Amino acid sequence: MISRRQVADLNDNIKAFERKNAQLVVIGNGPEKFIMPFREATRYKGPLFTDPTLETYKILGFKKGITSVVGFDPLKAGIRALSTGYLQKGIQGPPLQQGGVLVVGPGKFAHYLYRSKKAGDHPPVEELLKACEV
Amino acid sequence: MNIDSQTLKKLGRQKVVDEKGHTKMLSALWKDKRVVLVFIRHFG
């Protein structure tokens, strides 16, 4: 539900990214059959993919493990997501895997990388928009 | 910037799958434009 809340928040800012000529792309993990229900829950209309192998997560060094999902901050993030209507409907991907954000392109130029330290840890949208400035 | 060009190259060669089951090489996404790739924890 934290991921759903995160993407719903980003969805509200799609126009801001478009104004900077940047495209938002969401990548998850797990089977592609979970993409449609996720899209419906978040009302996200942009490109949405899955990496069932998790290879991209490994390459980018995204965190994995029990300490990233227990503790007060992930609990707070979970409560926030629940209170705004994003109910967990079973885990559709490894529960201990964290994500992050990479801003890249055009071409082979990476501009920004954020690795989430724990559940509910996301970069502020303002920071992502700044990374989209040419 | 904490991602080197070798890592980016390796990342670009990975394939992701859309909701229709079509695969796409990651580097195709950023070939001509700036993309904000948001890797989420899971779809649940």
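Quick caveat, the model's predicted, so the values are computed rather than measured. Proteins come first, then strands; the chains are lettered A, B, ... in the order of their sequence lines, and each starts at number 1.
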Checklist outcome for this item: One option among B/Thr23, B/Asp32, B/Asp18, B/Val38 has the most heavy-atom pairs under 4.5 Å with chain A, and it is B/Val38
Checklist outcome for this item: Between the CG atom in A/Leu54 and the NZ atom in A/Lys64, the distance rounded to the nearest 0.5 Å is 5.5 Å
Next on the checklist: Between A/Val101, A/Leu10, A/Asn21, A/Thr53, who has the most heavy-atom pairs with chain B when the cutoff is under 4.5 Å?
Outcome noted: A/Val101
Next on the checklist: If you count heavy-atom pairs within less than 4.5 Å of chain B, which of A/Val104, A/Val26, A/Leu128 leads?
Outcome noted: A/Val104
Checklist entry - Relative to chain A, which segment of B/Leu11 carries a heavy atom at a distance below 4.5 Å: side chain, backbone, both, or neither? => result both
Checklist entry - With chain A, which of B/Lys20, B/Lys9, B/Lys31, B/Lys15 has the greatest number of heavy-atom pairs at distances under 4.5 Å? => result B/Lys31
Checklist entry - Given a strict heavy-atom distance threshold of 4.5 Å, which part of B/Lys10 is in contact with chain A: side chain, backbone, both, or neither? => result both
Checklist entry - Taking atom NZ of A/Lys130 as the centre, does the number of heavy atoms from other residues, nucleotides or ligands within less than 6.0 Å exceed 12? => result no
Item to check | Distance in Å, A/Glu133 CD paired with A/His111 NE2, rounded so as to fall on 0.5 Å steps | outcome: 12.0 Å
Next on the checklist: Can you tell me how far apart NZ (A/Lys45) and CD1 (A/Ile14) are? Round to the nearest 0.5 Å.
Outcome noted: 8.5 Å
Checklist entry - Which region of B/Ser5, side chain (C-beta onward) or backbone (N, CA, C, O), has a non-hydrogen atom less than 4.5 Å from a non-hydrogen atom of chain A, or is it both or neither? => result neither
Checklist entry - Are A/Pro37 and B/Phe43 close enough that some pair of their side-chain heavy atoms sits under 4.5 Å apart? => result no
Checklist outcome for this item: One option among A/Ile35, A/Ile27, A/Thr56, A/Val7 has the most heavy-atom pairs under 4.5 Å with chain B, and it is A/Ile27
Next on the checklist: Give me the atom names and distance for the closest heavy-atom approach of B/Trp30 to B/Val35.
Outcome noted: CB-CG2, 3.7 Å
Next on the checklist: Nearest 0.5 angstrom please: A/Lys63 NZ to A/Asp121 CG, how far?
Outcome noted: 9.0 Å
Item to check | Atom pair CZ (A/Phe38) and CD1 (B/Ile40), whose distance is rounded to the nearest 0.5 Å | outcome: 3.5 Å
Checklist outcome for this item: Under 4.5 Å to a heavy atom of chain A? For B/Lys24 that would be side chain
Item to check | Leading residue by heavy atom contact count with chain B [cutoff under 4.5 Å; candidates A/Gly100, A/Pro123, A/Ala22] | outcome: A/Gly100
Next on the checklist: Is A/Phe109 close to chain B through its backbone or its side chain, or both, or neither, when contacts mean heavy atoms under 4.5 Å?
Outcome noted: backbone
